[in-house]
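Numbers here are sequence positions counted from 1. As the structure is a prediction and not an experimental result, all values here were calculated from the model.
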Amino acid sequence: MSKSIYLFSFILIFTTLSICCKDSISTKEKKTVFFLGDKKISDKKYFESLTSSKGYSILRNQNSLYEKNYSNIHNAQLSKSESLSIILNKSISNEKNYKLVLYTLKNKKKIDSIQFYRKVNDVRYKSDRYTCLSYLDLKNKKIWQVSYFSSPNQSLDIISYSISKINKDGTITKFDSIPYLDEALETELSNNKVYY
């Protein structure tokens, strides 16, 4: 009788621990995915979808997703190997204007950085917004980015769509072939003092 009680107790404890550990792993996996941005940005037909009539709503929905997931973040370590670390750092000028910067560190020394998420209101005129959205493919060390101006009347001006790579030495380089860049709109960023 006492052996069966011990066996039953062991099975109950083992089952409980298994469930708890599984939930813990699932929660950790969700947080990791959330830190990396929206994977849709890396899709081969992503830019084409932005130039369609649905482009404004696609970006509006993605920005809402980023605001929801990044609003309470200040610092986050995304990857750490023996010599290279990738972290996100949030800086805020006010509740409506903030940015996340991705930093690479080698042996705890900052090597490079790139704007990862940025939202700035009232840039060119009242109710206008500048936004930069990114996705990090941690396995391949690639970063896809789209930056754009938008306004509530559903106007959309895409500034750039680009892909960068995090090199083994920690430097971040853009690929030579930038899929899209509107130099006039990029100049407007500088003219309106929206610096990285």
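- Here the CG atom belonging to Asn63 is positioned 4.5 Å from the OG1 atom belonging to Thr131, to the nearest 0.5 angstrom.
- Side-chain contact check for Phe149 versus Glu188: some heavy-atom pair is nearer than 4.5 Å.
- Between Glu183 and Leu181 there is a side-chain heavy-atom pair separated by less than 4.5 Å.
- Residues Asp43 and Trp144 fail the side-chain proximity criterion, which asks for heavy atoms closer than 4.5 Å.
- Looking at every heavy atom in both residues, Thr51 comes nearest to Glu48 through OG1-O, 2.8 Å.
- We find the CZ-CG distance between Phe116 and Leu100 to be 8.0 Å, quoted to the nearest 0.5 Å.
- When atom types are taken as modelled, the side chain of Tyr117 and the backbone of Lys90 share no donor-acceptor pair closer than 3.5 angstrom.
- From Lys99, atom NZ reaches atom SG of Cys132 across 10.5 Å, with rounding to the nearest 0.5 Å.
- Scanning for side chain to side chain donor-acceptor pair (under 3.5 Å) contacts around Ser151 gives Asn153, Ser155, with sequence neighbours left out.
- A distance of 8.0 Å separates CD1 in Ile114 from CD1 in Ile166, rounded to the nearest 0.5 Å.
- Checked by atom type and distance alone, the side chain of Tyr103 never pairs as donor or acceptor with a backbone atom of Ser85 at under 3.5 Å.
- For the atom pair CG of Leu36 and CG of Asn69, the computed distance is 11.0 Å after rounding to the nearest 0.5 Å.
- Considering only residues two or more places apart in sequence or on other chains, Leu59 meets the side-chain contact (heavy atoms from CB on, under 4.5 Å) condition with Tyr46, Leu50, Gln62, Leu133, Val146, Tyr148, Leu156.
- Cluster membership for Leu84 and Ile111, using ILVMFWY side-chain heavy atoms within less than 4.5 angstrom, is not shared.
- Between Ile172 atom CD1 and Asn167 atom CG the span is 9.0 Å, to the nearest 0.5 Å.
- In terms of modelled atom types and a separation under 3.5 Å, the side chain of Ser190 and the main chain of Thr187 share no donor-acceptor contact.
- For the residue pair Tyr130 and Asp157, no side-chain donor N or O sits within less than 3.5 Å of a side-chain acceptor on the partner.
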